[in-house]
Every structure is written in structure tokens, then in C-alpha cells.
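Whatever order the structure lists them in is the order used to number ligands and atoms, beginning at 1. Quick caveat, the model's predicted, so the values are computed rather than measured.
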Amino acid sequence: MTSPRRRRLVAGNWKMHRTGPEAVELIQQLRDGYTPGRAEVMVAPPFTALESASRALEGSGIALGAQNVHWEPQGAFTGEISAGMLRAVGCTFVIVGHSERRQLFGETDAWVSKKARAVLHAGMRPVVCIGETLADRDGGRTLEVCSSQLHGSLAGVAVEEMNHVVLAYEPVWAIGTGRNATPAQAQEVHAHVRELLVRLFGRPVGEAVRILYGGSVKADNAAELLGQADVDGALVGGASLKAQEFLAIVAAAT
Ligand code: 13P
């Protein structure tokens, strides 16, 4: 079981799915089946649906997140969105360094750390993603790759800011493939990440930071994954687009 000091978080990363009206419809279905409980819940629709999602979530107890951010507060950055803009629309979380951004859009650890700090400075909580590829895992480099991503992605984040940071371990080979990490595989990396956090930021911080697991989390494997000592929640992709499935994952975390 997760330490009682860490409140579980179940987050839905909607990726590039749902228009504004479609987001409102999905949120309504979530609201119909959701009673706020011990676990925190967040959904991250695409940028264009944030405003309507924000209104639809009012008073629900479900938090709003964004999927990406630029680190500058404003300026000539065509196509980018700042942390202040996300805050203004009602976001309290921002996912940074998702593997799809790292792999498909060339995001580096240095960028991820700038984004995480921009999110913190705007008064929101970054969900910082790390995770190895299948080649890394097969080559026995999982822990090394995750350590290096963690170091780089949290560079410049102050100890006192760390209680607003959430980490997400998402093995790339488990994302969208239907092949989740086994609970033991997830726990091994989570425990390693926590030890690293303890070394970098001290034991109280290391033990308080939440580490989510992501990669093919479904209603039928959530309880087992969340039953691991250092798995403090889930970052859910595909299954977060189906209200009943997502609610079942939330229930498994509660
Ligand atoms: P799936 O749950 O669809 O595997 O996606 C995981 C993910 O990338 C969440 O950020």
C-alpha cells in the first residue's frame, strides 16, 4: 500500500482527442459517476477544450490539467502556450516531458526542467514524465535512463518546490500498446526513483513526492498496479476517454 502520507492521484491524459463540446460531454459523464473521495482526480484535455472543460468541471472536485506548456511567460513563440495562460483558464496541473513529446517533438530534459519550473512559478503542479524505451529495457538500461531523465528534468527545481511536483513513470513500450508493466516492474522503477529523490532532495521530500505509473492502465489492472508500495496513482491515456473505465480506475485508487 502507498504511504498514507501520499494522496493518490489518478490523471487522465486525453492526448489529441475531444473538441470542446465533446470534452463537456465526457466531463458530464464523469461527474455523474464521481463522488470526491480520498484520491485526487485530474483530467488533461487538449488546449482548445480547456476553457469549456474548466467551466464543466466547476464544483466537481476534479482538477484540470494541460498536456504541455512553453517556459517563457509570453513573446514571439508561434503556436506555444504559457503557464500563465493555463493558470488563467483554470489549470492546476501541467504534464511535462511526456514521452510522445520527447520522441515525436524532440523535447530534451533541459526543456522539461524549464517547463517544470515555469509551471511551479505560475503556482501550478507539474507532472514530470520519465520512462525507458523497449531498447533501453532490453539493453538493461532502464534504471540508468530513468535516473538520467529524472536528474535532467528536475534540474534547478528547489527542494521547497518539490512538494508541488508529481512524477510519472511511463515505460514507452507500455504506452498505447495494451502491454502494461507488471506490478513488480513498476514497483522496481518507482522504488529506484524514490531513492534518487531522497538522495537529491532529502528523505522527507523523497517520501512525500507522488510517483504515478502510466502505460496501458485499465480498470482490470489498476488495483494491482496501485497496490504497489511506491505507486501513488496512475496517468491514464486511452482508458481515460471512456467515463466508466476511468471511474473504475479512480475507484481502484480510492
Ligand atoms: P495509455 O494509457 O493509452 O497506454 O497511455 C498512457 C499515457 O501515455 C498517459 O500519459
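Every pair passing salt bridge (charged side-chain N to carboxylate O under 4.0 Å, His left out) that includes a residue from residues 133-152 is listed here, sequence neighbours excluded: Glu132-Arg137, Asp136-Arg141.
For the pair Ala239 and ligand 1, no heavy-atom separation below 4.0 Å is found. Not a single heavy atom of Gly214 sits under 4.0 Å from any atom of ligand 1. Under a 4.0 Å heavy-atom criterion, Lys15 is in contact with ligand 1. Put simply, no part of Cys129 is less than 4.0 Å from ligand 1, judged by heavy atoms.
Residue Asn13 places at least one N or O, backbone or side chain, under 3.5 Å from an N or O of ligand 1.
Taking a cut-off of under 4.0 Å to the non-hydrogen atoms of Ala174, the atoms of ligand 1 that pass are 4 (O). Atoms of ligand 1 lying under 4.0 Å from any heavy atom of Gly176, numbered from 1 in the order shown and given with element: 1 (P), 3 (O), 4 (O). If you number the atoms of ligand 1 from 1 as listed, the ones under 4.0 Å from a heavy atom of Gly238 come out as 1 (P), 2 (O), 3 (O). Interface of Leu235 with ligand 1, defined as ligand atoms under 4.0 Å from a residue heavy atom, comprises 9 (C), 10 (O). Taking a cut-off of under 4.0 Å to the non-hydrogen atoms of Glu170, the atoms of ligand 1 that pass are 6 (C), 7 (C), 8 (O), 9 (C), 10 (O). Using a 4.0 Å cut-off to heavy atoms of Gly215, the atoms of ligand 1 that qualify are 4 (O), 6 (C).
Under the side-chain contact (heavy atoms from CB on, under 4.5 Å) rule, Pro46 has a single partner from His17, Lys15, Gln67, which is Gln67.
Checked for salt-bridge contact, Glu40 and Arg125 meet the test: a charged N lies under 4.0 Å from a carboxylate O. In summary, Glu72 and Lys114 do not engage in a salt bridge, as defined by a charged side-chain N under 4.0 Å from a carboxylate O. Under the 4.0 Å criterion applied to side-chain N and carboxylate O atoms, Lys115 and Glu107 are assigned as salt-bridge partners.
Inter-residue side-chain proximity for Val89 and Phe47 is flagged as unmet; no heavy-atom pair is nearer than 4.5 Å.
Within 6.0 Å of the CD atom in Glu51, the count of heavy atoms belonging to other residues, nucleotides or ligands does not exceed 12.
The ring-ring contact (aromatic ring centres under 6.0 Å, His included) search around Tyr169 returns His190, not counting sequence neighbours.
Nearest to atom 2 (O) of ligand 1 among the protein's heavy atoms is Gly237 N, 2.9 Å.
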